[in-house]
Q: 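So that we are looking at the same thing, I have put the structure below in structure tokens.
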Protein chains: 2
Amino acid sequence: MTRIDDVARAAGVSTATVSRALRGLPMVSETTRRRVLEAATRLGYSASPSASRLAGGRTGGVAVVVPRITRWFFSTVVEAAEQSLHEAGYDVLLFNLGGSEQARLKLLHTGALRQRADAVMLISMPLLAEDFAAVSQLELPGVTVSSGTAVPGWPSVRIDDVGAARKAMEHLIGLGHTRIARICGESSDELAFTTHVDRRRGYLEALLHAGITPDPALEVEGSLDLAGGAAATGELLARGVAFTAIFATCDEAAMGALTALRRHGLRVPEDVSLAGIDDHDLAPAIGLTTVAQPAAEQGRRAVQTLLSPDAQGDVLLPTHLTVRESTAAPARTLDG
Amino acid sequence: MTRIDDVARAAGVSTATVSRALRGLPMVSETTRRRVLEAATRLGYSASPSASRLAGGRTGGVAVVVPRITRWFFSTVVEAAEQSLHEAGYDVLLFNLGGSEQARLKLLHTGALRQRADAVMLISMPLLAEDFAAVSQLELPGVTVSSGTAVPGWPSVRIDDVGAARKAMEHLIGLGHTRIARICGESSDELAFTTHVDRRRGYLEALLHAGITPDPALEVEGSLDLAGGAAATGELLARGVAFTAIFATCDEAAMGALTALRRHGLRVPEDVSLAGIDDHDLAPAIGLTTVAQPAAEQGRRAVQTLLSPDAQGDVLLPTHLTVRESTAAPARTLDG
DNA sequence: CTGAAAGCGCTTACAG
DNA sequence: CTGAAAGCGCTTACAG
């Protein structure tokens, strides 16, 4: 390992100058900088991150926190964020909560993050009242992605969840559906996490706007994944309530619904229309109608926002309806 | 920020003793250790990672390198590995190559990794001859996951790719198929990356074992994702060659095939049977027959292997055929 | 624009 | 079992 002293000696300057020249600081003459760079290259030198961090007080890392890296939206956001962060010279520390409340608490309520990262990116992170205090005690810059709740002082990047849900619903209503079920998403507002609440609001608003009375029997909560979607759909069918379409809070839940419907011998869209939100990679493969949201773009914008100190406030990205084969006019309208 | 001196003062011992007590080193009396722990807890102390790293020479991080975190297999391996690593007290540094050759080279051929991580986990990482030298110059312990090629001195965790492909093929052949296409996977052996080569070998072996002469016109290369599967299937159809089944190198390619078949008005399995490898989360949703591989288990075992210095050699995990609705006997056997 | 020196907060021989 | 002191390899006021 060549150290900064080796480079300093080779270039005939002090270590302070090497440090400045290599980091591109302004107060170095061009000739000196060239000499230093040449020596550093020749010796294959790169500064020890550990030493830089200790001396400089910056860790050079950004913590990226996701609920489940295995879900489409999160992996897509992380991929984009990772690339942007590495391009900007940061290490990416991955924290995958895996649905564990314990992991969430440990991450937020210990000093672990502060000493490991210069900044934090919270993706779809539900926060309780006491979590806000913990987050602000981190004394770290941060950004939230796809979380309706703003952390004070942190910018946020997201879509309009109410609007996205309305787009899906208006499409279904436009096809003639009136009995539209809604599946998945914990809509309790205990957690300061408005995504699900907002999507539910969009569902209800669209119905009311069309003069359709919402029927609580058509709403089934559930986790936002395949299993949750399948279970919620199973529950819906078990209730024996009439419906001709399902609006799923996300595409993975919609895919779970597809599995459950198939299992019950129901065809999509002949017997039931199905729409989601996301535009998951695999949505085209199953012909799923959905409201597309720009996941990668949210990751990139979050990093941009995080790294430009002037950026503040909310970034709201657009969504758009993508019609595929999973939605059609109802064959027979079953008014319960 | 409370520092080690503060704890030392509070406990009435030296910083050396604090350091030893907190890290659980053996040469500390129980009473002293208790006193130190109590003081540390009371003051909310946790050691500065940067300082520990510089002084101790260990970074406390493990680099996890994947081609594309958005693909099912990789995100699943990473999720499991991340959990195991955090439980063991390591930071997880994520490197997502994103298919960029440049990213791969930069990662392997600069000292970047060595100074940032104590160990490396390479997941499905193709290595060229010159890469091996670079990897061993890292002078870091490591493990490879799902890469047929062993890095000298590094253990590996994987499945039997030849066997997995044979299981899928034997199922199709057992149903009566003889014209079986194979899609996706760069089978050139330029890269020391045997996964695709092995799966192709399984394809060929199964055919030969059943007395079927392989037809090169039935093989189409392509990337291992939706787009690749769709493109390869499009190419296959464009060739106008007769076939009754498709064996896809992975489930995502199979899903791409499904899209392309649907687009061409072909039904699965009535017109074409379709089988993959993986048992992707969404495979049940589309009724895909596949050979399941334990992705999370590979992530966990890789970490285990990495952290136990005695562990060596290859870990070979089992696969099993999972039959769903995408395969059936051919309606009419088209012998080209 | 450049350098000498202190300091970042730990860990680790070394000595006892 | 414990402590004093050196050292890990940088960065940063401070002085010039």
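A note on names: the letters A, B, ... follow the listed sequences, proteins ahead of strands, and every chain is numbered from 1. Just so it is clear, the structure is predicted and the values come from calculations on it, not from any experiment.
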Q: As a test of reading the structure: which of C:dT2, D:dG7, D:dC1 is closest to the side chain of B:Ala55, going by heavy atoms?
A: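 So the side chain of B:Ala55 is nearest to D:dG7.
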Q: Could you verify whether a donor N or O on one side chain and an acceptor N or O on the other, from A:Arg23 and A:Ser19, lie under 3.5 Å apart?
A: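 Indeed, the side chains of A:Arg23 and A:Ser19 share at least one donor-acceptor pair under 3.5 Å.
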Q: Is B:Arg20 near enough to D:dC1 that one of its side-chain N or O atoms lies under 4.0 angstrom from OP1 or OP2?
A: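 B:Arg20 to D:dC1 OP1/OP2: no side-chain N or O under 4.0 Å.
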Q: Taking atom types as modelled and ignoring hydrogens, do the side chains of A:Ser46 and B:Gln115 form a donor-acceptor contact shorter than 3.5 angstrom?
A: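 Note: A:Ser46 and B:Gln115 side chains meet the donor-acceptor criterion.
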Q: Rounded to the nearest angstrom, tell me the gap between atom CZ in B:Arg9 and atom C1' in D:dT2.
A: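 Taking CZ of B:Arg9 and C1' of D:dT2, I get 18 Å after rounding.
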Q: Are B:Ser19 and C:dT11 close enough that a side-chain N or O sits under 4.0 Å from OP1 or OP2?
A: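 Answer is yes, contact under 4.0 Å.
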Q: Taking for each residue the nucleotide of DNA chain C bearing the nearest heavy atom, is the 5' side occupied by A:Ala16 or by B:Leu25?
A: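 That would be A:Ala16.
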Q: Rounded to the Å, how far apart are A:Asp118 CG and D:dT11 P?
A: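 So the CG-P distance, A:Asp118 to D:dT11, works out to 14 Å.
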Q: Using whole Å, what does the distance between atom C1' of nucleotide C:dG7 and atom CG of A:Leu54 come to?
A: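 The answer, rounded to whole Å, is 9 Å.
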Q: Test salt bridge (charged side-chain N to carboxylate O under 4.0 Å, His left out) on A:Asp91 and A:Arg116; report intermediate values, then the result.
A: CA-CA 10 Å; A:Asp91 283 343; A:Arg116 291 172 200 289; over 6 Å; no
Q: Measuring only the P atom in each nucleotide, how far is D:dC14 from D:dC10? A whole number of Å is fine.
A: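 It works out to 24 Å between them.
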Q: Rounding to a whole Å, what distance do you find between B:Ile4:CD1 and C:dC8:P?
A: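 In whole Å, C:dC8 P lies 14 Å from B:Ile4 CD1.
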Q: Expressed in angstrom and rounded to an integer, what is the separation of A:Asp5 atom CG from D:dC10 atom C1'?
A: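 Those two atoms, CG and C1', are 9 Å apart.
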Q: Is the phosphate of C:dT2, meaning OP1 or OP2, less than 4.0 Å from a side-chain N or O of A:Thr17?
A: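 For A:Thr17, the contact criterion (side-chain N or O under 4.0 Å from OP1 or OP2 of C:dT2) is not met.
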Q: Please confirm whether the backbone N or O of A:Asp118 pairs with a side-chain atom of A:Thr59, one donor and one acceptor, at under 3.5 Å?
A: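 Yes; judged by distance alone, with no hydrogens or angles, the pair exists.
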Q: Mark yes when over 12 heavy atoms from residues, nucleotides or ligands other than A:Gln298 sit less than 6.0 Å from its CD; otherwise mark no.
A: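 Yes, the 6.0 Å shell around CD holds more than 12 heavy atoms from other groups.
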Q: Does the structure show a Watson-Crick or G-U wobble partner for D:dA4, both distances under 3.5 Å? Name it, or say none.
A: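 By the stated definition (distances under 3.5 Å), nothing pairs with D:dA4.
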Q: Among D:dA4, D:dC10, D:dG7, which is the nearest nucleotide to the side chain of B:Ser14?
A: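 Side chain of B:Ser14 sits closest to D:dA4.
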Q: Mapping B:Gln115 and B:Gly12 to their closest nucleotides on DNA chain D, which lands nearer the 5' end?
A: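 Whichever sits nearer the 5' end wins; that is B:Gly12.
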Q: Which is more 5' along DNA chain D, the nucleotide nearest B:Ala51 or the one nearest B:Met27? Just name the residue.
A: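 That would be B:Met27.
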Q: Does B:Thr15 have a side-chain nitrogen or oxygen under 4.0 Å from the phosphate oxygens OP1 or OP2 of C:dT11?
A: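 No, because none of the side-chain N or O atoms of B:Thr15 sits under 4.0 Å from OP1 or OP2 of C:dT11.
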Q: Phosphate oxygens OP1/OP2 of C:dG9: is one of them under 4.0 Å from a side-chain N or O of B:Ser48?
A: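 Checking C:dG9 against B:Ser48, no side-chain N or O comes under 4.0 Å of OP1 or OP2.
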Q: I'd like the C1' distance from C:dT12 over to C:dG16, given in whole Å.
A: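 Per the computed distance, 16 Å lies between those C1' atoms.
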Q: Should B:Arg3 be listed as having a side-chain N or O under 4.0 Å from OP1 or OP2 of C:dT11?
A: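 So the side chain of B:Arg3 is outside the cut-off, no N or O lying under 4.0 Å from OP1 or OP2 of C:dT11.
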Q: Ignoring backbone atoms, establish whether A:Ser52 has a side-chain N or O less than 4.0 Å from OP1 or OP2 of D:dC10.
A: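 It does not, given that no N or O in the side chain of A:Ser52 lies less than 4.0 Å from OP1 or OP2 of D:dC10.
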Q: Is there a side-chain contact between B:Ser146 and B:Phe73 (heavy atoms, below 4.5 Å)?
A: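 Answer yes - side chains close enough.
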Q: Counting Watson-Crick and G-U wobble pairs only, both distances under 3.5 Å, name the nucleotide matched with C:dA13, or none.
A: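 Looking at the geometry, C:dA13 pairs with no nucleotide.
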Q: Please report, rounded to the nearest Å, how far the P atom of D:dG3 is from the CZ atom of B:Arg35.
A: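 Rounding to the nearest Å, CZ of B:Arg35 and P of D:dG3 are 9 Å apart.
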Q: Using a cut-off of less than 4.0 Å, is there contact between a side-chain N or O of A:Ser29 and OP1 or OP2 of C:dT2?
A: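 Yes, because at least one side-chain N or O of A:Ser29 sits under 4.0 Å from OP1 or OP2 of C:dT2.
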Q: Whole angstroms only, please: what is the CZ-C1' distance between B:Arg53 and C:dT12?
A: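 The distance from CZ of B:Arg53 to C1' of C:dT12 comes to 19 Å, rounded to the nearest Å.
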Q: Within the pair B:Ser50 and C:dC8, is there a side-chain N or O less than 4.0 Å away from OP1 or OP2?
A: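 False: B:Ser50 side-chain N/O out of range (4.0 Å or more) of C:dC8 OP1/OP2.
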Q: Within this structure, what is the CZ-to-P distance between B:Arg116 and D:dG9, rounded to whole angstrom?
A: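 Distance check: B:Arg116 CZ to D:dG9 P gives 16 Å.
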